[in-house]
Amino acid sequence: MSIGLTFAGRIESPSALAEAVKILADQRGYLVGGGTAGLRVAMCPLGGELNLFWRPVGEPTGPWLARGACLSTPAGAGLHRAAVELLESLPIRDLTVEDETGFYRVRDFRRMKEEHFYPWLRTLVDVCRQEQGKGVSGMQLCWDLEQYAPEDILDTVVTPMGRFRLDELADIVEAGGIQALADRFFLWDGRTQDARFYRNRAINALWEKCYFAPSTRSLEDTAVNAAILDDLERAAKLDPALPLPRASYEEVCALADRTPALPDGPVLEEAFSPGYRKGAVTHSLGALRLTLPGVYRYERESESVHLWGGLTPDDPVWRVVPYQVREGEAGFTDNLSALNGAEDRELKGGALRWGWREVREEGQRLFLAECEVITGPALFLVTATCTAPADLGAVAGLIGRIQVVSTAARKETVQAQK
């Protein structure tokens with residue numbers, strides 16, 4: 001269930017289109033990426049992208065056909081309007097647009113919201129209302145399955161704009177109407193990038209992207225922390241009466257070593273304090289589910305090695321290397337037979353075996369927890385390198401939270417999110 005548009009037309013050349021896109025993106029504050037077959041214009045978070053592709057007709061030199069699409073939910077009606085206006089400014093001849101909202105043909109922004117985006121949002125409210133009181137855990141709405149999963153909290157729902165109680169969305173509608181919920185749930189509900197847009201973009205970053213780690217740790221932390229503060233300060237200037245997450249603002253100021261600059265004003269009331277990464281989060285790697293503290297940053301150490309590091313060099317460093325057997329079911333190797341405290345554990349859909357040993361790297365004494373996880377034809381080697389033996393207890397607890405998911409279950413999860 002989603003709202004969006006598709007389009008097709010003819011272009012003089014990819015280079016001419018790319019140049020026009022770059023000029024317009026610079027004017028409107030959008031980001032552009034892509035390659036030889038197409039471009040992606042990022043207008044806002046939450047999938048707020050216009051994707052363009054091209055191909056030659058007949059000869060490799062053209063003429064050229066262009067096509068593309070933009071998915072407007074869950075970002076909001078403001079994104080849909082911006083995508084339409086960007087499209088009509090591009091040098092695309094014979095442009096045809098399939099817009100289920102009708103906004104491309106009739107530029108009635110209010111009608112588009114009331115007849116398409118607000119009913120879409122009411123459907124989500126109804127979904128939450130139906131699950132209320134059933135002891136639901138792990139419910140997600142509009143959540144990107146390619147990233148981490150936040151902690152489960154009973155009778156709540158995870159969204160890119162924050163965690164809500166299952167009855168909270170309906171309560172907001174009952175108290176202030178669907179517009180009140182749209183102001184809080186859609187990142188871009190207004191016609192332009194107004195104060196609420198910048199406030200909501202910061203809220204999304206606080207909940208979904210911020211590690212709540214010092215900016216000095218990495219360039220990523222520096223960029224995320226600065227973007228949150230800049231957006232909230234801009235929102236306050238555009239609308240001093242707009243409620244803001246002021247406690248979170250001051251918290252990130254301290255992490256960024258930045259003097260708070262928000263003027264006094266109203267506080268945004270939230271049932272939960274922003275920041276999924278303040279708790280544990282679960283990472284998916286194929287069938288493996290690895291739960292780690294949310295402050296851990298992921299990076300690809302090599303083509304086959306996935307790495308997570310903590311706040312300091314002394315925090316355990318986690319690595320995962322996936323393997324796949326060519327035939328039959330995967331089994332444990334003999335590599336763990338000489339480990340200290342080796343133990344096996346059955347999993348739903350698989351099993352794991354782990355233990356630990358002392359190692360020396362560059363003259364330093366380290367403690368290495370090694371774990372093998374098997375499920376079907378997949379074998380995962382999971383390691384955690386510790387600088388102190390006391391860290392092994394926490395590592396053991398996290399190994400105890402490892403799970404596996406069968407291929408069939410993963411397909412069902414993806415289909416349920418569509």
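Values below: all heavy atoms of this structure, side chains included; hydrogens, waters and symmetry mates excluded.
Closest heavy-atom contact between L87 and L95: O-CD2, 4.2 Å. Contact detail for C70 and M43: the closest heavy-atom pair is SG-CE, 4.3 Å. In terms of heavy-atom proximity, L392 sits nearest to F367 at CD1-CB, 4.2 Å. Residues A235 and A195 share a closest heavy-atom pair of CB-O, 3.4 Å. Across all their heavy atoms, Y30 and A82 have their closest contact at OH-CB, 3.6 Å. In plain terms, the two heavy atoms of P245 and E270 that are nearest each other are CB-OE1, 4.2 Å.
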Take L17 and L52 through the test side-chain contact (heavy atoms from CB on, under 4.5 Å) and record every step on the way to the result. CA-CA 10 Å; L17 179 62; L52 303 100; 4.2 Å; yes
Test side-chain contact (heavy atoms from CB on, under 4.5 Å) applied to C128 and L141, step by step: CA-CA 9 Å; C128 292; L141 290 177; 3.6 Å; yes
Before giving the answer on side-chain contact (heavy atoms from CB on, under 4.5 Å), spell out for E168 and R184 the whole-Å C-alpha distance, their side-chain angles and the decisive distance to 0.1 Å. CA-CA 12 Å; E168 188 176 356; R184 182 65 182 81; over 6 Å; no
Can you check salt bridge (Lys or Arg N to Asp or Glu O under 4.0 Å) on R122 and D126, steps first, answer last? CA-CA 6 Å; R122 285 191 180 95; D126 290 341; over 6 Å; no
Determine, step by step, whether K278 and E251 satisfy the salt bridge (Lys or Arg N to Asp or Glu O under 4.0 Å) criterion, reporting the C-alpha distance in whole Å, the side-chain angles of both residues, the deciding distance to 0.1 Å, and the verdict. CA-CA 12 Å; K278 285 184 175 180; E251 186 176 0; 3.0 Å; yes
Apply side chain to side chain donor-acceptor pair (under 3.5 Å) to the pair T192 and D194, showing each step before the final yes or no. CA-CA 5 Å; T192 61; D194 55 10; 4.9 Å; no
Taking it one step at a time, do L307 and V320 satisfy side-chain contact (heavy atoms from CB on, under 4.5 Å)? CA-CA 7 Å; L307 180 148; V320 176; over 6 Å; no
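For the atom pair CG of L145 and CD of Q140, the computed distance is 6.5 Å after rounding to the nearest 0.5 Å. Separation of atoms CG (D230) and CZ (R201) is listed at 9.0 Å; rounding is to 0.5 Å. Rounded to the nearest 0.5 angstrom, K209 NZ and D221 CG are separated by 14.0 Å. Rounding to the nearest 0.5 angstrom, the gap separating the CG atom in L79 from the CG atom in L71 is 8.5 Å. How far CD of E301 is from CH2 of W308: 11.0 Å, rounded to the nearest 0.5 Å. Atom CG in L242 sits 8.0 Å away from atom CG in L268 (nearest 0.5 Å).
Looking only at atom types and distance, the side chain of D314 has no donor-acceptor partner in the side chain of T312 under 3.5 Å away. At a cut-off of 3.5 Å, with distance as the only test, a side-chain donor of T291 or T282 sits close to an acceptor on the other residue. Between the side chains of H306 and Y298, at least one donor N or O sits under 3.5 Å from an acceptor N or O. Side chains of R319 and S302: a donor-acceptor N/O pair is absent below 3.5 angstrom, by distance only.
Counting only distance, with no hydrogens or angles, the side chain of T375 and the backbone of G349 share a donor-acceptor pair below 3.5 Å. Side chain of E372 to main chain of T333: a donor-acceptor pair is present (N/O by atom type, distance under 3.5 Å, no hydrogens or angles). Looking at R277, its side chain never comes within 3.5 Å of a backbone N or O of V295 through a donor-acceptor pair. Listed for the N225 side chain is no donor-acceptor partner under 3.5 Å among the backbone atoms of F212. With W318 contributing its side chain and G310 its backbone, the two residues share no donor-acceptor pair below 3.5 Å. Proximity of a side-chain donor or acceptor of E100 to a complementary backbone N or O of G4 within less than 3.5 Å is detected. Using modelled atom types, no side-chain atom of N204 and backbone atom of N200 make a donor-acceptor pair closer than 3.5 Å. Side-chain atoms of T156 never come within 3.5 Å of backbone atoms of F164 as a donor-acceptor pair (strictly under, hydrogens ignored). With hydrogens and angles disregarded, a donor-acceptor distance shorter than 3.5 Å links the side chain of T222 to the backbone of S218. Judged by distance alone, the side chain of R300 and the main-chain N or O of E303 form a donor-acceptor pair under 3.5 Å.
Atom CZ of R10 has 12 or fewer neighbouring heavy atoms from other residues, nucleotides or ligands inside a 6.0 Å radius. Taking a 6.0 Å sphere around CZ of R28, one finds it holds more than 12 heavy atoms contributed by other residues, nucleotides or ligands. Within a 6.0 Å radius of CZ in R297, more than 12 heavy atoms belonging to other residues, nucleotides or ligands are found. Counted within 6.0 Å of CD on E151, heavy atoms from surrounding residues, nucleotides or ligands total more than 12; the atom is thus considered enclosed. Heavy-atom neighbours of E174 CD from other residues, nucleotides or ligands within 6.0 Å: at or below the threshold of 12. The number of heavy-atom neighbours closer than 6.0 Å to CD of Q179, taken from other residues, nucleotides and ligands shown, is above 12.
The pair R246-E250 does not meet the salt-bridge criterion, since no charged nitrogen lies less than 4.0 angstrom from a carboxylate oxygen. The pair R234-D231 does not count as a salt bridge, with every side-chain nitrogen at least 4.0 angstrom from each carboxylate oxygen. Between E88 and R107, at least one side-chain N (NZ, or NE/NH1/NH2) sits under 4.0 Å from a carboxylate O, which counts as a salt bridge. The existence of a salt bridge linking E85 and R191 is excluded, since no basic side-chain nitrogen approaches an acidic carboxylate oxygen closer than 4.0 Å.
Looking at heavy atoms from C-beta onward, P293 lies in side-chain contact with L398 at the 4.5 angstrom threshold. Looking at heavy atoms from C-beta onward, I178 lies in side-chain contact with L121 at the 4.5 angstrom threshold. Looking at heavy atoms from C-beta onward, L244 lies out of side-chain contact with V267 at the 4.5 angstrom threshold. Looking at L290 and Y296, their side chains never come closer than 4.5 Å, going by heavy atoms from C-beta outward. Side-chain contact check for W207 versus T159: every heavy-atom pair is 4.5 Å or farther apart. Between I23 and Q27 there is a side-chain heavy-atom pair separated by less than 4.5 Å. Side-chain contact between T6 and R67 is absent, with no heavy atoms from C-beta onward closer than 4.5 Å. Looking only at side-chain heavy atoms (C-beta outward), L366 and C386 stay at 4.5 Å or farther from each other.
With ring centers used as reference points, Y148 lies under 6.0 Å from W143. Taking the ring centroids of F186 and W120, they lie under the 6.0 Å cut-off.
For the pair R163 and Y276, the cation does not sit on the ring face, since its NZ or CZ is not both under 6.0 Å from the ring centre and inside 45° of the axis. At least one cation-pi condition fails for R105 and F103: the charged atom is not both under 6.0 angstrom from the six-membered ring centre and inside a 45 degree cone around its axis.
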